[in-house]
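Sequential numbering from 1 along the given sequence is applied to the chain's residues. Treat the numbers as computed from the prediction; the structure is a model and nothing was measured. As the structure lists them, so they are numbered: ligands from 1, and atoms in each ligand from 1.
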Amino acid sequence: MKVPPQIVRLLIVTVVLVGSYFVAKSLLTPPTFGELGWYRAAALEELAQHKLTYAGKQECEVCHDDIWQMFHAGKHQTLSCEGCHGPAMRHVDDPENEHLLKPGSDQCLRCHQQNPSRPDWYTQIDPEEHLEGECIECHIPHNPTEMPEEEEASSEQ
Ligand code: HEC
Ligand code: HEC
Ligand code: HEC
Ligand code: HEC
């Protein structure tokens, strides 16, 4: 039986299309793709090479035991140290030379500014109506319901 010429042309077009798909696939697929799954296996190693910048809260206890104790007796105990002080990995490795941010009252309103979208249990203030002055003149940031004055009063004696 003779194959009709229009079928032959159709077959050629099909072979060219399917063939170019396989050629393109072999050229464009990155090496190591699919070794472990639908991603580049080499990406795991690349990601693992990123330098760590956050040390994690647990690291601070060893050297800042006093602040640690005070912090966990107070209402800020669930917060992360680095949330206010910034990434601390370099500081943990070399505290004498790598200094951290010592924030001021600017941090406080980030979390305590009155905002109707915050839940009721989350204590919020209206800075216009709350007592005037720097927040940390009246609140110890590591135990915010304590007032620094008491400390000063006892050290003056
Ligand atoms: C709510 C924000 C906040 C959090 C959370 C926080 N800090 Fe602080 N920290 C401050 C502020 C503000 C100061 C500066 C206080 C000042 O100048 O009187 C400070 C100062 C310090 C200092 C310097 C103390 C000094 O006398 O010079 C150390 C050390 C410190 N923090 C460690 C920690 C550790 C460790 C944690 C976690 C257990 C932590 N901080 C969590 C806000 C915070
Ligand atoms: C290996 C001990 C060590 C560890 C771990 C450590 N610190 Fe410190 N930190 C120090 C020393 C020492 C200083 C005082 C440095 C100075 O005055 O030169 C200091 C100072 C600070 C200060 C005051 C600002 C500055 O950099 O001088 C802050 C804030 C602070 N540390 C926060 C932290 C936090 C948050 C962590 C946990 C992520 C942490 N530290 C972990 C030893 C340590
Ligand atoms: C990262 C968010 C965050 C930051 C920054 C922060 N706080 Fe808080 N604060 C909290 C949470 C969470 C609580 C516990 C829930 C509560 O009591 O509202 C709390 C509790 C408090 C309380 C106790 C409220 C009560 O229950 O009577 C005071 C006071 C306070 N913070 C003051 C401050 C001051 C002053 C600063 C700045 C040095 C500050 N906070 C920074 C999250 C934050
Ligand atoms: C002059 C001292 C003073 C200053 C400055 C001050 N506070 Fe207070 N704050 C207090 C006292 C005292 C209380 C407890 C009595 C009260 O609720 O008014 C308090 C209570 C709070 C509470 C708990 C409110 C509640 O409803 O339970 C939060 C949160 C707070 N302050 C955050 C801040 C922040 C944030 C700043 C800076 C923008 C700040 N404070 C500045 C003295 C001060």
Side-chain angles (χ1 to χ4, degrees), residues 17-18 20-157:
L17 281 178
V18 172
S20 56
Y21 165 75
F22 281 108
V23 170
K25 188 182 173 214
S26 75
L27 288 179
L28 297 177
T29 306
T32 77
F33 181 90
E35 262 173 33
L36 299 173
W38 284 86
Y39 56 89
R40 289 182 307 115
L44 294 181
E45 211 172 299
E46 283 166 28
L47 290 174
Q49 275 166 1
H50 282 305
K51 271 198 139 179
L52 294 180
T53 51
Y54 285 92
K57 191 175 177 178
Q58 212 62 44
E59 294 288 333
C60 319
E61 186 180 3
V62 189
C63 306
H64 297 293
D65 184 46
D66 44 346
I67 289 178
W68 182 270
Q69 301 291 341
M70 179 203 272
F71 193 77
H72 289 95
K75 297 250 186 176
H76 274 168
Q77 58 179 278
T78 56
L79 304 189
S80 140
C81 310
E82 290 166 297
C84 288
H85 289 291
M89 197 63 181
R90 299 211 317 235
H91 172 76
V92 166
D93 288 340
D94 184 6
E96 310 295 334
N97 295 310
E98 297 287 352
H99 291 281
L100 283 181
L101 195 66
K102 247 211 244 174
S105 307
D106 49 324
Q107 293 286 320
C108 314
L109 289 177
R110 185 158 62 87
C111 294
H112 289 293
Q113 168 89 55
Q114 200 137 56
N115 181 334
S117 70
R118 290 186 167 149
D120 288 342
W121 58 262
Y122 202 154
T123 320
Q124 301 149 57
I125 57 149
D126 178 354
E128 306 279 300
E129 284 175 16
H130 195 62
L131 296 149
E132 230 175 273
E134 291 289 311
C135 316
I136 59 173
E137 281 170 16
C138 299
H139 297 276
I140 298 179
H142 302 130
N143 189 349
T145 50
E146 297 291 315
M147 306 279 152
E149 271 85 358
E150 290 168 25
E151 231 176 32
E152 276 163 30
S154 58
S155 62
E156 270 164 17
Q157 286 162 3

Closest to atom 37 (C) of ligand 1 among protein heavy atoms sits Cys81 SG, 1.9 Å

Regarding Cys84, does it place an N, O or S atom less than 2.8 Å from atom 8 (Fe) of ligand 1? no

Under 4.0 Å from a heavy atom of Ser80: give me the atoms of ligand 1 that qualify, with their elements. 5 (C)

Of the choices Ile140, Asn143, Thr123, Thr145, which has the non-hydrogen atom that lies closest to atom 16 (C) of ligand 3? Thr123

Heavy atom to atom 25 (C) of ligand 2, shortest distance: which of Glu96, Glu98, His99 holds it? His99

Gln107 near ligand 1, heavy-atom distance under 4.0 Å? no

Spell out, as yes or no, whether a donor-acceptor pair under 3.5 Å connects the side chain of Gln69 to the backbone of Asp66. no

Do any N/O atoms on Ala55 end up under 3.5 angstrom from N/O atoms on ligand 2? no

When you measure from the heavy atoms of Pro103 to every atom of ligand 1, does any distance fall below 4.0 Å? yes

Ignoring hydrogens and geometry, is there a side-chain-to-backbone donor-acceptor pair from Glu98 to Arg90 under 3.5 Å? no

Quick check on atom 8 (Fe) of ligand 2: does Cys60 put an N/O/S atom closer than 2.8 Å to it? no

State the atoms of ligand 3, each with its element, that fall below the 4.0 Å cut-off from a heavy-atom position in His139. 29 (C), 35 (C)

Of all the atoms in ligand 3, which lie at a distance below 4.0 Å from a heavy atom belonging to Trp121? 16 (C), 18 (O)

Between Cys63, Gly86, Pro87, which one has a non-hydrogen atom sitting closest to atom 43 (C) of ligand 2? Cys63

Which of the ligand 3 atoms, numbered from 1, are nearer than 4.0 Å to a heavy atom of Pro141: 38 (C)

Looking only at non-hydrogen atoms, the one of His91, Met89, Lys57, Glu82 nearest atom 39 (C) of ligand 2 is His91

Heavy-atom closest contact (Ala88 atom, Glu82 atom, distance): N-OE2, 2.9 Å

Does Trp68, backbone or side chain, put an N or O under 3.5 Å from an N or O of ligand 1? no

If I apply the N/O under 3.5 Å rule, does Tyr122 come out as touching ligand 3? no

Who's closest to atom 20 (C) of ligand 3 heavy-atom-wise, of His142, Arg118, His76? His76

Return a yes/no value for His112: is any of its N or O atoms, backbone included, closer than 3.5 angstrom to an N or O of ligand 3? yes

Against ligand 1, does Cys111 come closer than 4.0 Å with any heavy atom? no

Give the contacting part of Lys75 toward ligand 3: side chain, backbone, both or neither, where contact means a heavy-atom distance below 4.0 Å. both

